[in-house]
There are 2 protein chains.
Amino acid sequence: MTADDDTAAHLPAPGRRDILEAAATAFTRNGYAATTIDDIAREMGATKGRVYHYYRAKADVFLDIVTAGMQELIDGIEPIAGNGGLDPATRLWRMAHHHAGLMMTRNSFQRVAMRAVEMRRLGEAPAQQQALETVIAMRDRYEQIFADVIDEGREAGEFREVDSRLATKPLLGALNWISLWYDPQRGDYNTRQRLADEYADFIVGGLRRSPR
Amino acid sequence: MTADDDTAAHLPAPGRRDILEAAATAFTRNGYAATTIDDIAREMGATKGRVYHYYRAKADVFLDIVTAGMQELIDGIEPIAGNGGLDPATRLWRMAHHHAGLMMTRNSFQRVAMRAVEMRRLGEAPAQQQALETVIAMRDRYEQIFADVIDEGREAGEFREVDSRLATKPLLGALNWISLWYDPQRGDYNTRQRLADEYADFIVGGLRRSPR
DNA sequence: GTCTATATGTGGATAGAC
DNA sequence: GTCTATCCACATATAGAC
């Protein structure tokens, strides 16, 4: 895509991986603008020389985190959505469940990814602006996967008569919100599972035909 | 609470009101940290001298917006929640509907208010830190109003067996998310109403006893 | 009350030693 | 590849003219 190694988001080089983890933690704590390169370096017990050896700018670190986060979402959901052996409501339930899980287990990356989508611009550099729009495109594609399953469920009579594209908003809003309040320090596997169950029930219930 | 006029949030003085509107717009556009005092001043066709005449620091402007936003939410919801003449499901529907409406019509204030809740600290000043915790307390109180209605609905057999406090998370998450994607420039009264209807249906549906 | 300086601190980014 | 030292731009906040 650019002069940079465009596979970095999927398989970050070892040196980069540490930086992304540290930066994701720092961005989650204080937000993108308020986080300094020194903060990121301190988070991994280094100084900023290390960060600038691997990345040209703070925005590039941010974009790598965001892209990785979005890719994790897509990779996890696609096989479920495409599983024709399951009825749409069950598929949607599992997609919501999986998404909820990622918001907890991959909290720092996912929380940073959320932020990117609401950003209009990242700085002055047009290359970074274009990268940001690529992320928005990934988000749109992700929403469409959900919308398609909702359409199938509506046509199968499982769901109410909704605008599927619009219906993804409350659905994903509820799920994404987890990344803002969930404390990854607390909670074990079982509590995370119960929580994801509750979310998936809520979401599928919200789309089902009303009982009366 | 502090040496400042603590009623300012409810009835801002005329000079302050303009600043809050301009700042809310600017914060919504670029985020708190990335917004400069010059940005705020430019937004209202003035220079920073005006801003600093009314506010000691950027954080104080932010806190006034956030407090006003939270107060708008509480003021709107309390009378609905306390209307004993309506069954819990109807009350919850109207509360969700009203909340959704505020996310759209008062987008800039509400979006800034959302941000405050996810911030851990606002700066070094302990007075501002305390003010931020006061905002968190308002948020907790607000969630409790929803939780109480959910409890009533569960006891009345309208809702599923849920942990009411936990149930407010997907509910308010879905609603709060509106402030992030809704474009206040677009959409008239009718489209806002339809959207709020859809959200309220989704939310009450998500809590109702499953049809099967 | 609103403006134009300006003091002061901080943070992104670079250069170059090791 | 990692560090320290430094440049420079910019943003908060203040001083003081009008």
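Naming convention: chains lettered A, B, ... in sequence-line order (proteins, then strands); numbering from 1 in each chain. What's counted below: heavy atoms across the whole structure, side chains too, no hydrogens, waters or symmetry copies.
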- Item | N-O pairing of A:Glu198 and B:Lys169 below 4.0 Å | no
- Name the nucleic acid region contacted by B:Lys58, choosing base, sugar-phosphate or nothing; use a 4.0 angstrom heavy-atom cut-off, strictly under. sugar-phosphate
- Query: Do other residues, nucleotides or ligands put more than 12 heavy atoms under 6.0 Å from A:Arg94 CZ?
  - Reply: no
- Measure the distance from CZ on A:Phe62 to C1' on C:dG12 and round it to the nearest whole Å. 16 Å
- Note on the structure: Note: for B:Lys48 and B:Gly45 on DNA chain C, the residue whose nearest nucleotide lies more 5' is B:Gly45
- Task: For the residue pair B:Phe146 and B:His99, categorise the inter-ring angle as parallel (less than 30°), tilted (30 to 60°) or perpendicular (more than 60°).
- Result: perpendicular
- Would you jot down, in residue-number order, the residues of residues 22-39 of chain B having a non-hydrogen atom under 4.0 Å from DNA chain D? B:Thr35, B:Thr36, B:Ile37
- Item | Atom-to-atom span, CD1 of A:Ile40 to P of C:dT10 - whole angstrom | 18 Å
- Message: Once side chain to side chain contact (heavy atoms under 4.5 Å, CB included) is applied, do any residues pair with A:Ala125, and if so which ones, sequence neighbours excluded?
- Response: A:Gln128
- Report yes if some heavy atom in the side chain of A:Tyr55 is under 4.5 Å from a heavy atom in the side chain of A:Leu20; otherwise report no. yes
- Message: Need two values: the first and the last nucleotide of DNA chain D, 5' to 3', having an atom under 4.0 Å from any heavy-atom of chain B.
- Response: D:dA11 to D:dT14
- One should read off an interatomic distance between A:Phe202 CZ and A:Leu171 CG, to the nearest 0.5 angstrom, of 9.5 Å
- Message: Ring-plane angle category for A:Trp181 and A:Tyr199, please: parallel below 30°, perpendicular beyond 60°, tilted otherwise.
- Response: parallel
- Would A:Arg194 and A:Asp197 pass as an ion pair if we require N to O under 4.0 Å? no
